[in-house]
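Here is the structure we will look at.
In what follows, every chain begins at residue 1, and chains take the letters A, B, ... in the order their sequences are listed. Scope of the values below: all heavy atoms of this structure, side chains included, with no hydrogens, waters or symmetry mates.
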2 protein chains.
Amino acid sequence: MSTRAQTVVLSLRDKILNGHYAPGARLNEIELSTALAVSRTPVRAALAILAAEGLLDYVPNSGYVVRSYTANDIEGVYAARSVLEGLAARTVAERGLSSGARGLLHQNLTETETIAQRTEWTEATHDTWRRLNEQFHEVIFADACNSHLCELIEKSRSIPLLKTVKFRWHDAQTVKNSFTDHAELFDAIARGQSARAEHLAREHVYQAGRRLVANWRKAGIGENISPRQNVSDAA
Amino acid sequence: MSTRAQTVVLSLRDKILNGHYAPGARLNEIELSTALAVSRTPVRAALAILAAEGLLDYVPNSGYVVRSYTANDIEGVYAARSVLEGLAARTVAERGLSSGARGLLHQNLTETETIAQRTEWTEATHDTWRRLNEQFHEVIFADACNSHLCELIEKSRSIPLLKTVKFRWHDAQTVKNSFTDHAELFDAIARGQSARAEHLAREHVYQAGRRLVANWRKAGIGENISPRQNVSDAA
DNA sequence: TTCACCTGGATTGTATCCAATCTAATTTTA
DNA sequence: TAAAATTAGATTGGATACAATCCAGGTGAA
């Protein structure tokens, strides 16, 4: 990564998405610049960019706060994401799976299957499954060869705390169901059954969203954000 | 608008979307700052924001150029937009049209119908029709009450030259067909026929996209961008 | 001639200074 | 006492100076 501003963007984006800065937390330019050992200039540029991406809320002459999503917001995000991933699956099914993507998906399914049969779930197993799950979806929408679609899906996946909360619904049955969904989706795409692929992808994402929304609501995320909460409180 | 940076963002975004700065045109910080009578600081902030929005391409230590879309890119944009507007229509149909939206759509259809029956097409008529068409879609996806969905659709509508090129397919028959589509979509939504509403919206947007792509291809936009073309050449 | 190297100009990236604005505590006044 | 006004502090917004980088043209040697 070339410029300091871009380094700061990467650093802050990561911390926001992973919950190091909680929703509602205020990002102070001076604190950040001293913490990151750069001047205010690249920090300001980074904050402006992250706000344009939708990760921060900006109020002129006041500052930036980490954007917070209610459970209803998350429901909307997944509603959109389900039709987008449905489109991606349909597109790939219609245009034909590239050989590279076919290989990646095949291997992904093999690895996922072995994971799904485990009885013991360590932190590392969780991480592996998360990675495999993300990769499966990424391979599909990358193979749709629609850069705009990729950007929209990427935006729908870049929500503060989304990855953190997702972490909580990895139980054995969920993983097994997810594996079955992936296998069927792969089958539909590989056979060029575009309508089936679209419906399977939509439903798969929709169900994942419903589980996530339930946990979001249970955890009470996005509600009762205390005003003017500061960065230093977020760690 | 409060800060200078935001003023510059509005000004530049407008000029990029309307083709005042052609795709591939290079945006020089100093030229812009003198032209807009501000220092480089707000200009730099604005450029970073517009790049984050996807309107500009950024190369570190080199600068910003207006992003250019090929006809294939536009095809992808409309593929995504069609499923998103389909989702919006379905959502509104399921949750019920708000009374405010119902009124706006009804009046919009009335005005559009009178326009569609005109035989003579002036520049002003074109503008009016454009405005009514945009408003019809905006009212629907605003009434879906899904802010994330609105952001995604907004992003899909914020493409350099999109509005400019759209301008060319306003012939009488197209407008009449569009009016019919809108009327049927309104009917489906008002009756709560969510599946029908979704399909109509998808198809309506898809057809509009297909016409636009044809014109995009015919005009040869997005191809053969000369390297390092400058702002001053773009006017 | 051609390729490698170098150098000057232009442009972007960063730091810092000052101005403008907001927030919150304090004081004043009814 | 309570509400309005004021003022001090902190924070953000903008301008400018300087450093780093890139690009084009020119110079030199093989």
Side-chain angles (χ1 to χ4, degrees), chain A residues 1-13 16 21-22 24-53 55-67 225-235, chain B residues 1-13 16 21-22 24-53 55-67 225-235:
Chain A
M1 208 29 89
S2 192
T3 72
R4 292 173 208 234
Q6 285 178 302
T7 307
V8 175
V9 166
L10 287 185
S11 170
L12 291 183
R13 188 191 287 134
I16 293 166
Y21 296 143
R26 190 158 179 287
L27 298 185
N28 182 303
E29 292 179 3
I30 299 174
E31 283 185 32
L32 291 175
S33 60
T34 57
L36 298 169
V38 294
S39 78
R40 275 180 57 211
T41 305
V43 172
R44 291 191 52 195
L47 291 175
I49 288 169
L50 293 171
E53 289 178 1
L55 270 65
L56 299 175
D57 285 326
Y58 168 62
V59 180
N61 292 309
S62 171
Y64 298 85
V65 299
V66 177
R67 189 163 169 188
I225 297 295
S226 60
R228 281 221 151 258
Q229 183 181 5
N230 207 311
V231 168
S232 35
D233 309 335
Chain B
M1 212 25 90
S2 191
T3 72
R4 294 175 205 226
Q6 286 178 302
T7 308
V8 175
V9 166
L10 287 185
S11 170
L12 291 183
R13 187 192 287 133
I16 292 166
Y21 297 142
R26 190 158 178 289
L27 298 185
N28 182 303
E29 293 179 3
I30 299 174
E31 282 185 33
L32 291 174
S33 60
T34 56
L36 298 169
V38 293
S39 79
R40 275 180 57 211
T41 305
V43 171
R44 281 179 58 83
L47 291 174
I49 289 169
L50 294 170
E53 289 178 1
L55 271 64
L56 299 175
D57 285 325
Y58 168 62
V59 180
N61 292 308
S62 171
Y64 298 86
V65 298
V66 178
R67 189 163 168 188
I225 297 295
S226 61
R228 281 218 153 260
Q229 184 182 3
N230 207 312
V231 169
S232 36
D233 310 334

- Task: Could you grab the distance from atom OH of A:Y21 to atom CG of A:L50, nearest 0.5 Å is fine?
- Result: 11.0 Å

- Nearest heavy-atom neighbours spanning A:A22 and A:V66: O-CB, 3.4 Å

- Task: Quickly, which of A:V38, A:V43, A:V9 forms a side chain to side chain contact (heavy atoms under 4.5 Å, CB included) with A:R4? Name it, please.
- Result: A:V38

Collect all protein-nucleotide pairs involving nucleotides 12-17 of chain C in which both atoms are nitrogen or oxygen and the distance is under 3.5 Å.
| unit_1 | atom_1 | unit_2 | atom_2 | d |
| --- | --- | --- | --- | --- |
| C:dT12 | OP1 | B:R26 | NH2 | 3.4 |
| C:dG13 | OP1 | B:Y58 | OH | 2.4 |
| C:dG13 | OP1 | B:N61 | N | 3.2 |
| C:dG13 | OP2 | B:R44 | NH1 | 2.8 |
| C:dG13 | N7 | B:R40 | NH2 | 3.1 |
| C:dG13 | O6 | B:R40 | NH1 | 3.2 |
| C:dT14 | OP1 | A:R4 | N | 2.3 |
| C:dA15 | OP1 | A:R4 | NH1 | 3.2 |
| C:dA15 | OP2 | A:S39 | N | 2.8 |
| C:dA15 | OP2 | A:S39 | OG | 2.4 |
| C:dA15 | O5' | A:S39 | OG | 3.2 |
| C:dA15 | N7 | A:T41 | OG1 | 2.5 |

- Which pairs pass side chain to side chain donor-acceptor pair (under 3.5 Å) with one or both residues in residues 34-49 of chain B, sequence neighbours excluded? B:E29-B:R40, B:E29-B:R44

- Message: Donor-acceptor check, side chain of A:T7 to backbone of A:T3, threshold 3.5 angstrom: yes or no?
- Response: yes

